[in-house]
There are 2 protein chains.
Amino acid sequence: MKFEDQYFKSAFSVDCVIFGFDTNALKVLLIRRGAEPMKGSLAIPGDLVSINESLEQGVERVLNQSVGISNLYMEQVYTFGRVDRHPDGRVITIAYYALVNVRDYKLSAASFAESADWYPVSEALELELGFDHNEILQACFGQLKLKVQSAPIGFELLPKKFTLSQLQLLYELILERDLDKRNFRKKILSLDILTPLNEKQKGVAHRPAKLYQFDEEKYRAMKIVGGLNFDAKKNS
Amino acid sequence: MKFEDQYFKSAFSVDCVIFGFDTNALKVLLIRRGAEPMKGSLAIPGDLVSINESLEQGVERVLNQSVGISNLYMEQVYTFGRVDRHPDGRVITIAYYALVNVRDYKLSAASFAESADWYPVSEALELELGFDHNEILQACFGQLKLKVQSAPIGFELLPKKFTLSQLQLLYELILERDLDKRNFRKKILSLDILTPLNEKQKGVAHRPAKLYQFDEEKYRAMKIVGGLNFDAKKNS
DNA sequence: CCAACATAGTGTAAATATAACGTAAAGTAT
DNA sequence: ATACTTTACGTTATATTTACACTATGTTGG
């Protein structure tokens, strides 16, 4: 094979698993592809990256087209490069995940999509996705699980004001196990990155909970010690 | 820009930071580039990946050309894709690291290299490397540090038979901090993945230490519990 | 042969972190 | 006013982590 046929003949894409927390469920955004290849199949939002576009710009573009918003928390996870993973030629893809508060944004089917919808993560993991997207989803969810135990990224998924119970539920959904209420509160509060507000939950049919806010400044200021650890042993 | 100029006009490479442990130093293999681009500068071994070659095959090839051996422990770390990172066009690179026992193999300057040599990691981190290889080296070293605390990959860098002191030194070099001897031994032995041999160190001018061997079967058999943790607090 | 040297090998106690657990208080709905 | 639902909260037992110093075993050199 000649040099020019062997190299500089490939393309690369970014795929972005967008996680969202909607009141009481952890969800992931999937699109129904509106164009070939894999037209009609479910997939993670993603797109080819142009040769004069950085990876991050590519992800930003995909996010903009999918949830119409930029500046989300995002993280690169893994690069998938199976030779035959894409029907149109050699396309390797760099997988990212991003975190959104579902209520904040409106979905807009991206140019490459026929439709876009939120699926509960557990459900999405069972669906058949196009390309190698099942593998990608799994890798990203795994990474999220790890990350959530070493940095307070949970807040990226919540509205500005939230209750400790909401926060705990979110962690339980991500970690897929129950946490002890008192221990959770103790641990979270001991991090000293939450500001309690003089405000309570409204419209609930029971004792309303105090609202809290994530204090980004305090978080940045603190030197990050070891990982968090939510009842790793017995509840597992 | 037309579609065909925008996509399928890029290339991708793999770069592989090869870590080696040589008696008493943690080293990394660097090459002096023998071809353009960046001819003459120091760099991490790597090469373009052909369009019908998988990423892993690409890394294997680079490893073969560099240390003449395959089947090393390796791990993907991160993908670097700055638009202008490569002078010849759009080339994104997928960074891996690999672990070798330096004594086992002979270096062979790869086709793309003028020479190849082991550098102490601390020194290599200070050198000016070609492309964005400083960044890559840092990312890989960081990843190694993390990984060594959650899986017993240290053994990949040691000869089959080793002493606990050698193992401890290796961990100290990777983690860049001192570890307590008794606590280290306690922890490592409690993992129950080392087989003590009826054999002692030879040719040392002091009391010879007992030799141990990593028991891969036992390791595989055991369900991996939480991370290891080497005196995280006070010695730091 | 013996003294000097160098590293191997070993245990315990104190401090800290994690895990388990139940009850009273504050709202809402009827 | 009663039933209902969820909030809020502290203590004890257990497990893990950290700190710390001396004797044993070999080699080397005089």
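All values below come from the heavy atoms of this structure, side chains included, with hydrogens, waters and symmetry mates left out. Lettering follows sequence order; numbering is per chain, from 1. Predicted model only: the values in this text are computed from it and were never measured.
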Next item on the list: Using a cut-off of strictly less than 4.0 Å between a heavy atom of the residue and any atom of DNA chain D, enumerate the qualifying residues of residues 202-213 of chain A by number.
Entry: A/H206, A/R207, A/A209, A/K210
Next item on the list: Over 60° means perpendicular and under 30° means parallel, so classify the ring planes of B/F214 and B/F155, tilted if in between.
Entry: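 Ring orientation of B/F155 relative to B/F214: parallel.
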Over how many whole Å does the gap from [X] atom [atom1] to [N] atom [atom2] extend?
| X | N | atom1 | atom2 | answer |
| --- | --- | --- | --- | --- |
| A/E199 | C/dA26 | CD | P | 20 Å |
| A/L194 | D/dA8 | CG | P | 13 Å |
| A/D180 | D/dA13 | CG | P | 17 Å |
| B/F184 | D/dT18 | CZ | C1' | 16 Å |
| A/F230 | C/dA17 | CZ | C1' | 14 Å |
| A/R185 | C/dA19 | CZ | P | 18 Å |
| A/Q201 | C/dA25 | CD | P | 21 Å |
| B/L169 | C/dT7 | CG | P | 12 Å |

Next item on the list: Classify the nucleic acid contact of A/K181 as base, sugar-phosphate or nothing, counting any heavy atom under 4.0 Å across all strands shown.
Entry: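 It contacts base atoms.
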Notebook entry, point to check: Between C/dA8 and B/S165, is there an OP1 or OP2 to side-chain N/O distance shorter than 4.0 Å?
Noted result: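 Yes, because at least one side-chain N or O of B/S165 sits under 4.0 Å from OP1 or OP2 of C/dA8.
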Check: Closer than 4.0 Å, any side-chain N/O of A/K187 to the OP1 or OP2 of C/dT18?
Finding: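 It does, given that an N or O in the side chain of A/K187 lies less than 4.0 Å from OP1 or OP2 of C/dT18.
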Next item on the list: Can you establish whether the number of heavy atoms outside B/K218 located under 6.0 Å from its atom NZ is more than 12?
Entry: yes
Next item on the list: Not counting sequence neighbours, which residues clear side-chain contact (heavy atoms from CB on, under 4.5 Å) with A/R82? List them please.
Entry: A/D84, A/R85, A/D132, A/E135
Next item on the list: Kindly say whether, by distance alone, the side chain of A/R182 makes a donor-acceptor pair under 3.5 Å with the base of C/dC21?
Entry: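 Yes, a donor-acceptor pair under 3.5 Å.
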Next item on the list: Please confirm whether any donor atom in the side chain of B/K186 sits under 3.5 Å from an acceptor in the base of C/dT12, or the reverse.
Entry: yes
Checklist line | Proximity of A/Y78 and A/F80 rings by center, below 6.0 Å | finding: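 Judged by ring-centre distance (under 6.0 Å), A/Y78 and A/F80 do meet the cut-off.
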Item checked: Gap between atom CG of A/L146 and atom CZ of A/F141 - 0.5 Å precision ->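 One finds 11.0 Å between CZ of A/F141 and CG of A/L146.
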Notebook entry, point to check: Which residue lies toward the 5' end of DNA chain C, B/N183 or B/T163, if each is placed at its nearest nucleotide?
Noted result: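 The residue whose closest nucleotide sits nearer the 5' end is B/T163.
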Check: residues 65-72 of chain A side-chain donor-acceptor pairs under 3.5 Å, at least two apart:
unit_1, atom_1, unit_2, atom_2, d
A/S66, OG, A/V62, O, 2.7

Margin query: Against A/N183, only a single residue in A/K187, A/K186, A/R185 fulfils side chain to side chain donor-acceptor pair (under 3.5 Å); can you say which?
Written below: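 Result for side chain to side chain donor-acceptor pair (under 3.5 Å) with A/N183: A/K186.
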